[in-house]
Each structure stands twice: as C-alpha cells, then as structure tokens.
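Everything on this sheet refers to the single structure shown next.
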Amino acid sequence: MTVRTIGIIMNGVTGRMGTNQHLIRSIVAIRKQGGVRLSSGDVIMPNPILVGRNETKLRALAHAHGIERWSTDLSACLANPEDEIYFDAQATTLRADSLRAAIQAGKHIYCEKPTAPDSATALELARLARRAGVKNGAVQDMLFLPGLLKLRRVIESGFFGRILSVRGEFGYWVFEGDWQPTQRPSWNYRKEDGGGIIVDMLCHWQYVLANLFGEVQAVSCMGATHIPERVDERGERYACTADDAAYSTFELAGGIIAHFNSSWCVRVYRDELLTLQVDGTHGSALAGLRECKVQSRVNTPRAIWNPDIPNTMDFRAEWMDVPNNGEFENAFKVQWELFLKHVVSGTPFPWDLAVGAKGVQLAELGLRSWQERCWVDVPDLTLMGE
C-alpha cells in the first residue's frame, strides 16, 4: 500500500460552512479515518494548510484540529508545488481573483457555490481552468444527502411513471439578532456583500433539478425582503438590502414543472428543513435531508373535498418509508472524497466549474425575472461559450 499525501490550500475555512462542513466534517474526518482508499489499495492522505486574513482565528482553528500549517499569505501558498489543490470557501465577492491566481499557479480547483458573483465571471473561470488543464469542481453537496440519494433510487426504479411536478419547501426562521442570536452572518442580508437568498439557493435548485429531473429551461421568480432591519454581530442595527425569501417556478426539460419556496422568514411545520414532493402518474415521493417516503398509485386514498364535516383520513399514514439499505456519510465529505480520487487517479467528476456556472446563471436570471416581473428563458451556456 502506498500513501499519497496531497497538499490542499483551504482558503476561507474560518467561516461557518468552511469550518464545520469542509474542514471538520470532511478533511479532518478523512484524516481521522486514515485517508481515502483507492481501488488499487493505495491511500490519499490530505495535508491541509488553512488560509485567511485573521491570524488569531487561523492559529486557533489549526490547533483545535491537529493541523500544523496555516498562513495569511495566499501568494506564498500558491507558490508551494507540494500543495496541489486550491479550495475556496470565501465570500463570493472575494472568490474570483483568488481562483484566477490559483489557476495561473497550476492548482487543481475545488470551489464552494456560487462560484462567482455573475455568470460571465463564472464562465471565465471555467474556461481558464480548462485552458490551464487543471482539474476543477464545484461543491454540489445536496446531491449526496441521504434523502436525495433515496429519491434518486426511487426515480431510477421507474416508480413514478411519468413525473409531473416537483414542489420544494426550504427554510426556517432566522432570528433578527435583537432578542435571540441570529443563525446566519449579517452579510447574507446585504446585497452589496453578495447576500440574498436568490443568489444563495437558486444555485442549489439548479443542480438538484438538473441531476434528478431535467435541465431548467425557464424561470419565474419573485423575491422579497420581509425583514427590513436586523442586528449584526456587533449588536448594531443595519438595513437589509438583500432578499430573504424567494418564490420560484421552473419549467424543466420534458415538461416537468417545479416550484420552490425558499425563505429565512418561515416557521417550520414539516419534518425537515428541506422537503421535495415529487408527483407522478404512478406514485409520489416526499424527500427531505435524510428521509424519503413514497405513496404508490394503488395505495393512494380516495380524497373527497367536503369542508362541512371533520376530516377522518390520516393522509400521512398512507405513505411508506424508503429504507436506508446502506450507510450514509456527510454529503460534503462524500464529494470531497470523489474530488480527491478525481485529482489523483482521474476517476469521473462531472460537477466542474462549467456546471457550477449554470447555478450562477440561474440565480442571475431569477433576479432578472423578479426585477422585470416576467418569465425568463434559460439559454444553453455552451452557446455562450468559446
């Protein structure tokens, strides 16, 4: 057995997602399990260096998780040939320049979404990576959630017959920060800092829909800033300039209609913070982050509209759980392992920066739809390319 150590420059991991999902639950977890095993029996062992602007935070984070290397000098890190991968979890507004520098330095690229603040920049970065011959990928973590993996199994079985529609409910109440600590950073609610739920979530809905049901062909989106003022991390009130809710309808290839409500201003009355209901001619499914339930055509109860009498039917009791039939790991960790295998041994990794650009494009078109109050067609990005 050969252990292949691979250096990873991790930029922006002092943020919430970077720390919890990418560092602790992915790279640190991979190191603790003894690396990523290849089919040959060899092992990939990640060797991260944490990069950011705050020396105090970096030192504390590295010490807490047994990581020896950290730096505030990105240029010096990019100059080290032993660090082959550059990972970016910075704020979106800071990402493009760092990615350009990493591509120019010949690093393989792995990047959080959205990959850029606009689709033109996202496409530019994808082209730069392709020309440089570096392997590249965009984080698309929801594809590896247990609930969506079960839903994919249901789809591939032919259970639905012809799929008609998809209804997504996502969100929760994010406290304003006055009487309860907020769960999200204040920049999320400032448009000038790259905030807004349309920018944040339509990237997700693009790849979920495209991978499970069909490419998005048109979008109608309406945003809202329901909470106009919040309290930031310093206890100071600030005006919210970005949308905190989005109501989006998508027309998919094959005639499927999808509608997603995305909100940081909704109180949860569902089993999970994300649910997708898929209805087909022969059956339906309700998938969440971890669970998935189905109801077949023959088990569908005969519902009759009669508001004059109390309802006696337990509709939820007619649904069946899709079994695990296996073990599920953290979705971010699963995709990290796939990307490491892609870099080292060339195994397929279809979620590259060009795919990531489609998510940026859909968010951009969603904002345009809201502004112009109309349906907007989604052009094929390949026709806009080189």
Side-chain angles (χ1 to χ4, degrees), residues 6 8 21-22 26 30 36 38-39 44 46 84-89 95 99 102-103 107-116 119 121-156 163 166 201-217 250 252-254 256 258 276 287 328-363 378-386:
I6 187 165
I8 305 174
Q21 297 291 6
H22 291 288
S26 296
I30 289 170
V36 178
L38 300 174
S39 58
I44 306 168
E84 302 175 49
I85 295 174
Y86 172 78
F87 169 70
D88 196 299
R95 186 161 292 151
L99 288 174
I103 293 169
K107 306 301 181 186
H108 303 299
I109 304 296
Y110 191 45
C111 181
E112 254 293 354
K113 63 88 199 154
T115 57
S119 59
T121 305
L123 275 173
E124 175 208 348
L125 294 169
R127 294 184 192 120
L128 287 173
R130 184 165 61 246
R131 290 173 192 158
V134 298
K135 292 171 180 169
N136 57 94
V139 175
Q140 303 202 331
D141 55 286
M142 286 192 180
L143 297 178
F144 306 96
L145 291 169
L148 268 64
L149 290 172
K150 293 176 185 178
L151 177 59
R152 176 179 286 280
R153 192 193 311 159
V154 176
I155 293 170
E156 292 175 349
I163 295 177
V166 182
M201 296 310 301
L202 262 65
C203 294
H204 281 299
W205 307 151
Q206 188 280 325
Y207 70 73
V208 167
L209 292 171
N211 279 271
L212 293 178
F213 307 104
E215 292 285 350
V216 179
Q217 296 184 330
F250 309 100
L252 309 186
I256 298 172
L276 297 181
F328 300 102
E329 292 197 85
N330 178 276
F332 291 86
K333 177 175 178 283
V334 172
Q335 196 177 10
W336 260 110
E337 292 182 341
L338 291 172
F339 185 70
L340 290 172
K341 290 178 180 178
H342 175 60
V343 169
V344 172
S345 59
T347 52
F349 192 88
W351 312 282
D352 60 12
L353 290 178
V355 172
K358 292 184 177 182
V360 180
Q361 177 200 39
L362 187 61
V378 179
D380 187 343
L381 277 185
T382 59
L383 300 180
M384 301 167 60
E386 298 169 320

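Since we're looking at a predicted model, the values are computed, not measured. Values below: all heavy atoms of this structure, side chains included; hydrogens, waters and symmetry mates excluded.
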Side-chain (R95) to main-chain (P114) donor-acceptor, under 3.5 angstrom: yes
Rounded to the nearest 0.5 Å, what separates atom CG in L151 from atom CG in L143? 11.0 Å
So how far is it from I85 CD1 to K107 NZ, rounded to the nearest 0.5 Å? 10.5 Å
Is L338 close to F144 at the side-chain level, that is, under 4.5 Å between some pair of heavy atoms? yes
Distance in Å, Q361 CD paired with C203 SG, rounded so as to fall on 0.5 Å steps: 10.5 Å
How far does CG of L123 sit from CG of L381, to the nearest 0.5 angstrom? 5.0 Å
Could you work out, with ring pair (Phe, Tyr, Trp, His ring centres under 6.0 Å) as the rule, every residue matching F349, not counting sequence neighbours? F339, H342, W351
Does I44 form a side-chain contact (heavy atoms from CB on, under 4.5 Å) with V343? I'd like the steps, not just the answer. CA-CA 10 Å; I44 306 168; V343 169; over 6 Å; no
Between H108 and E84, is there a donor-acceptor pair closer than 3.5 Å when you use the side chain of the first and the backbone of the second? no
Among all residues two or more places apart in sequence or in another chain, which pass the ring pair (Phe, Tyr, Trp, His ring centres under 6.0 Å) test with H204? Y207
Side-chain ion pair, E337 and K333, N-O less than 4.0 Å: yes
Listing, residues 352-360 side-chain donor-acceptor contacts under 3.5 Å, not counting sequence neighbours, or none:
| from | atom 1 | to | atom 2 | distance (Å) |
| --- | --- | --- | --- | --- |
| D352 | OD1 | A354 | N | 3.2 |
| D352 | OD1 | V355 | N | 2.9 |
| K358 | NZ | E215 | OE2 | 3.3 |

Just wondering, do W336 and Q21 contact through their side chains at under 4.5 Å, heavy atoms? no
Given side chains that start at C-beta, do those of Y86 and L99 come closer than 4.5 Å, heavy atoms only? yes
